[in-house]
Amino acid sequence: MDLYLNFHAHREAVPGETVIRNLLLPAGKDEEDAITSGFFSAGIHPWHLPPQADEALRQLARVAAHPRCIAIGETGLDKICPTPFALQLALFERQLALAGTTGRPAVIHCVKAWDELLATAKRTRPAIACVIHGFRGKPRLAESLLTHGFYLSFGPRFNPESLRLCPPGRLFLETDEDPHSVDALYHTAASLRGCSPESLNAQCLQNLRDITQTVKK
Ligand SMILES: [Zn+2]
């Protein structure tokens, strides 16, 4: 049986899962080396926008070229963090552009900025898949994002109705900050969707292949 795919986490894999670890930039050499030794995503989070953004973007461009770099992110927009919103928007757009030029999907953190997210997507028309990570929104928001082509990645806290309505081809599961294995989430999600955890995992693995097939090596 395939290991369970954990689409987004801030820790090493636990037994039974394959994890895409997140590298928050800027990062020190030790942390970069540790995380890039396995599959990873890398991005500048709106909570931690550094004063020297250009330097962090250079680090991002460098690690994004790594063959084990699966995605750019998490990057995004957050209305409840103190970082000036204009700065968040600028960094978000630059990271989306980098995702486009490297052919990597984007992992998106979005808190109370859905209109701005949709406006940015409409304006920049990213040619790569955009995955909303840790999606907790209600069904109406889920439907709107799905209509606009987004993928949804659900973590330990989610709206069951939104999880149920997400088409199989647009879904991921993740633990994010949670230390436990992702397998419990596969069991819960599978019973909500009326399928087996194994078939749900096979679908998520296929979705990952779909969104990463544009990666330019
Ligand atoms: Zn995260």
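- Annotation: side chain of E31 is in contact with side chain of I35 (closest heavy-atom distance under 4.5 Å).
- Of all non-hydrogen atoms in G73 and N22, the two that sit nearest each other are O-ND2, 2.8 Å.
- The pair R94-D54 meets the salt-bridge criterion, since a charged nitrogen lies less than 4.0 angstrom from a carboxylate oxygen.
- Here the side chain of R170 pairs a donor or acceptor atom with the backbone of L146 at under 3.5 angstrom.
- Residues L200 and R193 form a side-chain contact, since some pair of their non-hydrogen atoms from C-beta on lies under 4.5 Å apart.
- F40 and V182 are assigned to two separate hydrophobic clusters, defined by single-linkage of ILVMFWY side chains at heavy-atom distances under 4.5 Å.
- H180 is linked by a ring-ring contact (aromatic ring centres under 6.0 Å, His included) to nothing, counting only residues two or more places apart in sequence or in another chain.
- When the shell of 6.0 Å around CD of E198 is examined, it contains more than 12 heavy atoms from other residues, nucleotides or ligands.
- Panel note: side chain N207, backbone P168; a donor-acceptor pair is recorded below 3.5 Å.
- Rounding to the nearest 0.5 Å gives a distance of 8.5 Å between NE2 of H66 and OG of S37.
- No side-chain heavy atom of L185 sits less than 4.5 Å from a side-chain heavy atom of F154.
- Side chains of S41 and R21 form no contact here, defined as non-hydrogen atoms less than 4.5 Å apart.
- When every heavy atom of K79 is checked against every heavy atom of A113, the shortest pair comes out as CG-CB, 3.8 Å.
- Within a 6.0 Å radius of CZ in R125, other residues, nucleotides and ligands contribute 12 heavy atoms or fewer.
- When side chains are defined from C-beta on, F7 counts as touching L208, because their heavy atoms get closer than 4.5 Å.
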message: Determine whether L171 and Y151 satisfy the following criterion, side-chain contact (heavy atoms from CB on, under 4.5 Å), listing intermediate values before the conclusion.
response: CA-CA 6 Å; L171 176 99; Y151 288 69; over 6 Å; no
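- In plain terms, the two heavy atoms of V14 and P179 that are nearest each other are CG1-O, 4.2 Å.
- Hydrophobic clustering (ILVMFWY, side-chain heavy atoms < 4.5 Å, transitive): L57 and L77 are in distinct clusters.
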- prompt: S196 and S199: side chain to side chain donor-acceptor pair (under 3.5 Å), yes or no, with the steps?
  reply: CA-CA 5 Å; S196 69; S199 67; 3.1 Å; yes
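- Using a cutoff of 4.0 Å between basic side-chain nitrogens and carboxylate oxygens, E161 and R164 are scored as salt-bridged.
- Within the model, atoms CH2 of W114 and CZ of F150 stand 8.5 Å from one another, a figure rounded to the nearest 0.5 Å.
- The structure places CG of L141 at 7.5 Å from OG of S162, a figure rounded to the nearest 0.5 Å.
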task: Go through the steps to decide whether E32 and R62 satisfy the test salt bridge (Lys or Arg N to Asp or Glu O under 4.0 Å), and finish with yes or no.
output: CA-CA 11 Å; E32 183 189 313; R62 179 167 55 74; 2.8 Å; yes
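- Between D78 and F85 the shortest side-chain heavy-atom distance does not fall below 4.5 Å.
- The backbone N or O of T175 sits less than 3.5 Å from a side-chain atom of N6, completing a donor-acceptor pair.
- Counting only distance, with no hydrogens or angles, the side chain of T75 and the backbone of Q95 share no donor-acceptor pair below 3.5 Å.
- In the hydrophobic clustering of this structure, I132 groups with I211; members are Ile, Leu, Val, Met, Phe, Trp, Tyr whose side-chain heavy atoms approach within less than 4.5 Å, directly or through other members.
- In this structure the side chain of Y4 never reaches within 4.5 angstrom of the side chain of C204, judged on heavy atoms.
- Residue G137 comes nearest to N159 through the heavy atom pair O-CB, 3.2 Å, listed as atom of the first residue, atom of the second, then distance.
- Between the side chain of D183 and the backbone N or O of G16, no donor-acceptor pair lies under 3.5 Å.
- In plain terms, the two heavy atoms of S144 and L118 that are nearest each other are OG-CD1, 3.8 Å.
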field: Residues L117, F92; criterion side-chain contact (heavy atoms from CB on, under 4.5 Å); working and verdict
entry: CA-CA 10 Å; L117 174 69; F92 179 46; 3.6 Å; yes
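- By the ring-ring contact (aromatic ring centres under 6.0 Å, His included) test, F39 pairs with no residue at all, sequence neighbours left out.
- Judged by distance alone, the side chain of T83 and the main-chain N or O of P46 form a donor-acceptor pair under 3.5 Å.
- A heavy-atom distance below 4.5 Å is found between the side chains of P50 and I44.
- By the 6.0 Å contact criterion, CG on D33 is enclosed, its count of non-hydrogen atoms from other residues, nucleotides or ligands being greater than 12.
- In W47, the CH2 atom is not crowded: 12 or fewer heavy atoms of neighbouring residues, nucleotides or ligands sit closer than 6.0 Å.
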task: Please assess E17 against R11 for the test salt bridge (Lys or Arg N to Asp or Glu O under 4.0 Å), listing each intermediate value before the final yes or no.
output: CA-CA 12 Å; E17 65 174 28; R11 56 155 176 75; 2.6 Å; yes
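- Separating the CG atom in L49 from the CG atom in L25 is a distance of 11.5 Å, to the nearest 0.5 Å.
- L24 and I70 are not part of a single hydrophobic cluster, where members link through side-chain heavy atoms under 4.5 Å apart.
- Checked by atom type and distance alone, the side chain of Y186 never pairs as donor or acceptor with a backbone atom of L173 at under 3.5 Å.
- Residue Q206 places its CD atom among more than 12 non-hydrogen atoms of other residues, nucleotides or ligands, all under 6.0 Å distant.
- In this structure a side-chain-to-backbone donor-acceptor pair under 3.5 Å is present from N201 to L5.
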query: Are E74 and H10 close enough, and set up right, to give a side chain to side chain donor-acceptor pair (under 3.5 Å), and what steps lead you there?
result: CA-CA 11 Å; E74 51 190 295; H10 296 267; 3.1 Å; yes
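- Interatomic distance, CG of D115 versus SG of C110, reported as 9.5 Å (0.5 Å rounding).
- Across all their heavy atoms, L205 and L3 have their closest contact at CD1-O, 4.3 Å.
- Within the model, atoms CD1 of I108 and NE2 of H8 stand 12.0 Å from one another, a figure rounded to the nearest 0.5 Å.
- At least one donor-acceptor pair under 3.5 Å links the side chain of T188 to the backbone N or O of A184.
- At least one donor-acceptor pair closer than 3.5 Å links the side chain of R104 to the backbone N or O of A64.
- No single ILVMFWY cluster, assembled from side-chain heavy atoms under 4.5 Å apart, contains both I20 and L98.
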